[in-house]
Amino acid sequence: MGKIVGIDLGTTYSLVAYMDATTNEPKCIVGPYGSALCPSIVSVDADGTIVTGEAARRRLLTQSERTIYSVKRLMGRAPEDIKDELKIFPFRIEPTSTNVIRVRLGEKVFTPSEISAFILRELKSWAENFFGEPVDRAVITVPAYFNDAQRQATKDAGRIAGLEVLRLVNEPTAAALAYGLHKQKRGKVAVYDFGGGTFDISILKLISTDEGDIYQVLSTNGDTHLGGDDIDNALLVLARAEIQKQFSLDLSAHPETVQELRKALIRAKHDLSSATKASIQVALPAGLIYSREISLREFDELIRPIVARTMEPVRKALADAKLAAKDMDEVVLVGGSTRIPLVRKTVGDYFGRPPHCELNPDEVVALGAAVQADILDSGVKTMLLLDVTPLSLGIETMGGVVAKIIPRNSTIPASAQEMFTTGVENQTAIDLHVLQGERELAKDCRSLARFQLKVPPGPAGLARVEVKFLIDANGILQVAARDLRTGQEHSIEVQPSYGLNDAEVERMLEESIEFAEQDFSERQLIEARNEADTILKATERTLQREDLSQLSREERSNIDESVANLRAAVAGTDYKEVRAQIDKLNEATTHLAELVMNGALQTALQGKRLDEV
Ligand code: ADP
Ligand code: MG
């Protein structure tokens, strides 16, 4: 078996790290350009050669139509999900009939997973050069808010790159691991991640289980369009206005100069993280030179509104976690933009404690991924990490419809329960059919298990059966059904994802989106038929039992006709027709129902005087 690494697959930069056996500390691997940061950029040459990282970054301007950045924003998303991104980013999305996005790069077309795989391959080769050995397994980090499809797409990227993805770890959890906070039992951790294009805040809680300690994500919040890029843009707006004023020069017609200016401004921004002033010098067209000094104070005033925008999500995340700023045991800073002194000060003041920033903020996540990789590699089970359920779990109910009990993408361990009852008179057992999948109907989901719970015979709807689903930290599902009246209980254990490979999971998800419309009408039909069945039975019973002398002949024939029409509708497949006929029968039986009600009332009132009622 080859080596194992931890990878931070970031929006702007990606990194690869490993556990150093001699120091027992995680370390990032430096690439051929002397930096551990690999720009998350991919470019395709006219001859089809793939260029990644720093080399691709250099083509952003010259070969923009064959170069892509920020592909993470497209991972696991459907064409209609990315409308907002398309307003900001120049992605060239190919028209498609499926729900999988494809991006054009020059003459070729790729899925976001394939593009991310090119970045992963580059990092894999950095690591292989470093070790002089093959690397075939990895832990990859994802934002805590990533849904199942986004996680799945990230796993796919790993597989395409020839890496077995041992686990996906939430980025904030990785940050807490990198600082070893789990070892110190620091329970409540706020992770403030201010990167290049995104801002995330996560509130974590260390919880102890029989199997070891795990970090649970209590809440996350953030802004997917707020980051260092906004600071760069603010600086750029300022500089361009000054250039306009000083030289009467509009840079709109000079994209190369704008690019150079942006680079110089970013350099100044970085300098200001460790100095109180920085200088900017850029050659403009026609031999002109833009030169100025910027003080930290001026910079702080410029970016104050941007930094302030991060605090609203922080407040929301704390509110969602039902915790106050002072409840946090630790605050961890992640992301290159947290090097900015004003950011550190703002966060520190808010939480009333100095935040952790001893580690490189842009390396923290990768370092944590390496810690997790090492834990998995050495088989040490002291630290489990939360995973999510890839597919929904539920129970089949009347007519083959699925009642979802634990929705997909729930963090595990998870538990949920629901009440069920009997649908038929004198039923002696309830069949429980446990299912996995996103489709509305049992027949389209994956059957995990079936079992029976005995119930005492009685009228339909009398039994009260509580079905409880519990998924433990290993992803093992336990289903228990309990008759609340008798105390009878039966339970079974199932391994939900056992035997289901990633491609199948993906297919099931894709299908559920594709078939959503069809499922909807099928489900509607089943529900309408169930309802029709109940009404038909009730009507028949009433017609047999009740004294119908007060019903006119016309009313009686109207009811018979409506019953026949509803039966005909039930035999068909149009749920709207079934609903329409249910309404008609309800209308036709209004008087009958009144008579029955009155009859019941009279019986109840017998022997009682009106004023006693
Ligand atoms: P992401 O996780 O979004 O891929 P990073 O966490 O690597 O990105 O952060 C990249 C951002 O951090 C960029 O906007 C970069 O300019 C900024 N950054 C890096 N170093 C510094 C620094 N010394 N001072 C200010 N900003 C910095
Ligand atoms: Mg990041």
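Residues take their numbers from the sequence shown, with the count starting at 1. One-based numbering, in listed order, for ligands and for the atoms of each. Because the structure is a prediction, the values reported are computed rather than measured.
Proximity of a side-chain donor or acceptor of Asp81 to a complementary backbone N or O of Ala78 within less than 3.5 Å is detected. A donor-acceptor pair is defined here as one N or O able to donate and one able to accept, closer than 3.5 Å; no such pair exists between the side chain of Asn170 and the backbone of Pro172. Looking at Asp327, its side chain does come within 3.5 Å of a backbone N or O of Ala324 through a donor-acceptor pair.
Listed as neighbours of ligand 1 are Gly10, Thr11, Thr12, Tyr13, Gly195, Gly196, Gly197, Gly228, Lys269, His270, Ser273, Gly335, Gly336, Ser337, Arg339, Ile340, Asp362, each bearing a heavy atom under 4.0 Å from the ligand.
Classification of Glu298 and Arg292 as a salt-bridged pair holds, one side-chain N sitting under 4.0 Å from a carboxylate O.
Residues meeting the salt bridge (Lys or Arg N to Asp or Glu O under 4.0 Å) test with Glu25, sequence neighbours left out: none.
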(request) Quick one: do Asn24 and Met19 satisfy side chain to side chain contact (heavy atoms under 4.5 Å, CB included)? Show the steps, please. (result) CA-CA 6 Å; Asn24 205 25; Met19 191 59 118; 4.3 Å; yes
